[in-house]
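First comes the structure, then the notes that go with it.
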Amino acid sequence: MAPNAPSPMDIENMNDAAIEQVRMQVSDIIDPRYDTKWNMLRWLQSNDFNIPKTVHLLKKHLKWRKDRKLDEPESQSLLQFSDARRKHAPVDIIGPQRKEGGDRLVVVDRAGRIDVAGLMKAVQPTEYLHEMFRTFEEIQRRLMKMEAETGVQCFMHYIFDLEGLHFDPTLLGVVNGPFRVSWQLVGQHYREFIDKFIVINSPSYINVLWSALSPFIPEQSKQRIVFAGSSWKEELLEIVDQDCLPERYGGKIPDNECLKIVEPIPKSTYWKLPAHYPSMEQLHKVSVSASKHRMLVYKVDKPDTELLMYSHNENDITITLYYSKEREASENDLELAVAPIPKCGLPAMDLFDYNCEFPGYYYVKLANEASWLLPSTYRMIVIEKETGKELEPINLNEKWIKKGQKTKKK
């Protein structure tokens, strides 16, 4: 240690002081069940102990947790379910291990066995993402339990098994689309979870996939990725306890006790338009030029109005929701209601539900940030859940909106 370097005790005291500063500034919104030393520390670590930045981003996350009831019992969570992702793309949480340096939770993702093309035809974008959030909520609960028992910060080793992965024309689009976007959004909400991301059974074309992904991965995260070679079992056992690994990975736990079966997705489960959804023709078409954005404005008259937002997009687009009491407000004066969500083009119509806590004006910003040249079309209609009637944007007559078909009266 350098002569003037702080001692471990000094570092601990500085961490505790920073944690208390953050805790005081989010005390009005944080749920006591989430309010732990280690959760606060994760957000500080991910923001280089910049307290104003940490408070700003943590408040957004805490509002998201409150809106989705994530600190309530899991049965009360408002995250959407995806049976297709849960059954045909499972992530297995094996359990905790005790290696030098603190506790680690071992998680296995056999992504190479997933029927990628079938999965993309069977899921809606939001439910696909929410099912991933559900997995990370369970990982977070496990980590918090371990931290309460050990008194140290805990992390996970994420084993990413690509055995069985076959290259096809759709794979690169999935990697650069739904896969990338979902992991980016997970990274926004679940900070400093991963100690090692261990890739095993890499195919010969892994460099092609890595070239597509690496520009979007922060340098700090890249340092945690381990590409194991042909002797991956030996490399894995240097990181993970043998007692906490399935047998197929050189461990002692029978596979059938800890690994779910990954099966192809039957075509009968491919997404079909439910009878209670609007038709694609009823959705309004919004044209967004390359590198530009559009803003749809909705007036909500009653508090706690729940809106159902049906949408479809064939190309990448980013959606953000803002709120204002007044109609004539500049974008800089709008209050952020839902942080930017990148949305990839999938065959299914998407459904996003939102509870408008206050009456006023809600602004849906659609940004075509991924394209430098081509415009993007976003189809959307908003329904009031209580009445079943459409809530039209007050600027529906703009020339860049093509109105959808009206529902025929029965």
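Quantities reported herein were computed from a predicted structural model and do not represent experimental measurements.
Looking at heavy atoms from C-beta onward, Thr305 lies out of side-chain contact with Glu386 at the 4.5 angstrom threshold. Within the 4.5 Å cutoff, the side chain of Asp316 has heavy atoms near those of the Cys344 side chain. Using a 4.5 Å heavy-atom cutoff, the side chains of Glu384 and Lys302 are not in contact. The shortest side-chain heavy-atom distance between Leu209 and Leu165 falls under the 4.5 Å cut-off. Looking at heavy atoms from C-beta onward, Ile51 lies in side-chain contact with Gln25 at the 4.5 angstrom threshold. Between Glu331 and Tyr363, the closest side-chain pair of non-hydrogen atoms is not below 4.5 Å.
The shortest heavy-atom contact between His293 and Val288 is CA-CG1, 3.9 Å. Scanning both residues, His88 and Pro90, for their nearest heavy atoms gives C-CD, 3.5 Å. Residues Val123 and Ala84 come closest through the heavy atom pair CG1-CB, 3.9 Å.
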Give the C-alpha distance, both sets of side-chain angles, the deciding distance and a yes or no for side-chain contact (heavy atoms from CB on, under 4.5 Å) between Asp31 and Arg65. CA-CA 9 Å; Asp31 188 285; Arg65 297 190 68 82; over 6 Å; no

Kindly indicate, with the supporting measurements, whether the criterion side-chain contact (heavy atoms from CB on, under 4.5 Å) is fulfilled by Lys365 and Leu334. CA-CA 11 Å; Lys365 180 180 179 180; Leu334 300 177; over 6 Å; no

Verify side-chain contact (heavy atoms from CB on, under 4.5 Å) between Arg327 and Ile394, making sure each step is shown before the conclusion. CA-CA 10 Å; Arg327 169 66 180 96; Ile394 60 178; 3.0 Å; yes

Derivation and outcome, salt bridge (Lys or Arg N to Asp or Glu O under 4.0 Å), residues Asp353 and Arg68: CA-CA 10 Å; Asp353 58 301; Arg68 292 288 159 188; 3.4 Å; yes

Between Gln188 and Leu185, is a side-chain contact (heavy atoms from CB on, under 4.5 Å) present by the stated rule, with each step listed? CA-CA 5 Å; Gln188 285 182 17; Leu185 290 171; 3.8 Å; yes

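Figure legend: cation-pi geometry between Arg86 and Phe81 absent, as NZ or CZ is not positioned both under 6.0 Å from the six-membered ring centre and within 45° of its axis.
Salt bridge status for Glu138 with Arg134: absent, with no side-chain N to carboxylate O gap under 4.0 Å. A salt bridge does not link Lys403 with Glu392: every distance from a Lys NZ or Arg NE/NH1/NH2 to an Asp or Glu carboxylate oxygen is 4.0 Å or more. Remark: Lys299 engages Asp301 in a salt bridge, criterion side-chain N to carboxylate O under 4.0 Å. Remark: Glu72 engages Arg33 in a salt bridge, criterion side-chain N to carboxylate O under 4.0 Å. A salt bridge does not link Arg294 to Glu398: none of the charged side-chain nitrogens sits closer than 4.0 Å to a carboxylate oxygen. Here Glu131 does not pair with Arg85 in a salt bridge; the nearest charged N to carboxylate O distance is not below 4.0 Å. Salt bridge absent: Glu147 and Lys37 never bring a charged side-chain N and a carboxylate O closer than 4.0 Å.
Between the side chains of Gln153 and Gln45, at least one donor N or O sits under 3.5 Å from an acceptor N or O. Residues Lys343 and Ser311 have side chains that bring a donor and an acceptor to within less than 3.5 angstrom of each other. A donor-acceptor contact under 3.5 angstrom links the side chains of Thr318 and Glu369, judged on distance only. Between the side chains of Tyr128 and Gln80, no donor N or O sits under 3.5 Å from an acceptor N or O.
Using modelled atom types, one side-chain atom of Asp109 and one backbone atom of Ala111 make a donor-acceptor pair closer than 3.5 Å. Not one N or O on the side chain of Ser77 forms a donor-acceptor pair closer than 3.5 Å with the backbone of Glu74. For the pair Arg224 (side chain) and Ile194 (backbone), a donor-acceptor distance under 3.5 Å is present.
Ring orientation note: the planes of Tyr323 and Phe358 are tilted relative to one another, at an angle of 30° to 60°. Ring planes of Tyr354 and Phe352: parallel class, angle under 30° (limits at 30 and 60°).
Going from atom CG of Leu351 over to atom OG1 of Thr126 covers 7.0 Å, rounded to the nearest 0.5 Å. A distance of 9.5 Å separates CG in Leu62 from CG in Asn39, rounded to the nearest 0.5 Å. To the nearest 0.5 Å, the span separating CD1 on Ile139 from OH on Tyr190 amounts to 9.5 Å. Rounded to the nearest 0.5 angstrom, Tyr277 OH and Ile383 CD1 are separated by 12.0 Å. Atom CE of residue Met309 and atom CD1 of residue Ile381 lie 12.5 Å apart, to the nearest 0.5 angstrom. Here the straight-line distance linking atom SG of Cys154 with atom CE of Met144 works out to 11.5 Å at 0.5 Å rounding.
Counting non-hydrogen atoms of neighbouring residues, nucleotides and ligands closer than 6.0 angstrom, the NZ atom of Lys389 reaches no more than 12 such neighbours. Atom NE2 of His276 sits in a crowded spot, with more than 12 heavy atoms from other residues, nucleotides or ligands closer than 6.0 Å.
Two rings, from Tyr362 and Tyr298, have their centers 6.0 Å or more apart. Here the two rings, on Trp183 and Phe160, have centers that are 6.0 Å apart or farther. Two rings, from Phe133 and His189, have their centers less than 6.0 Å apart.
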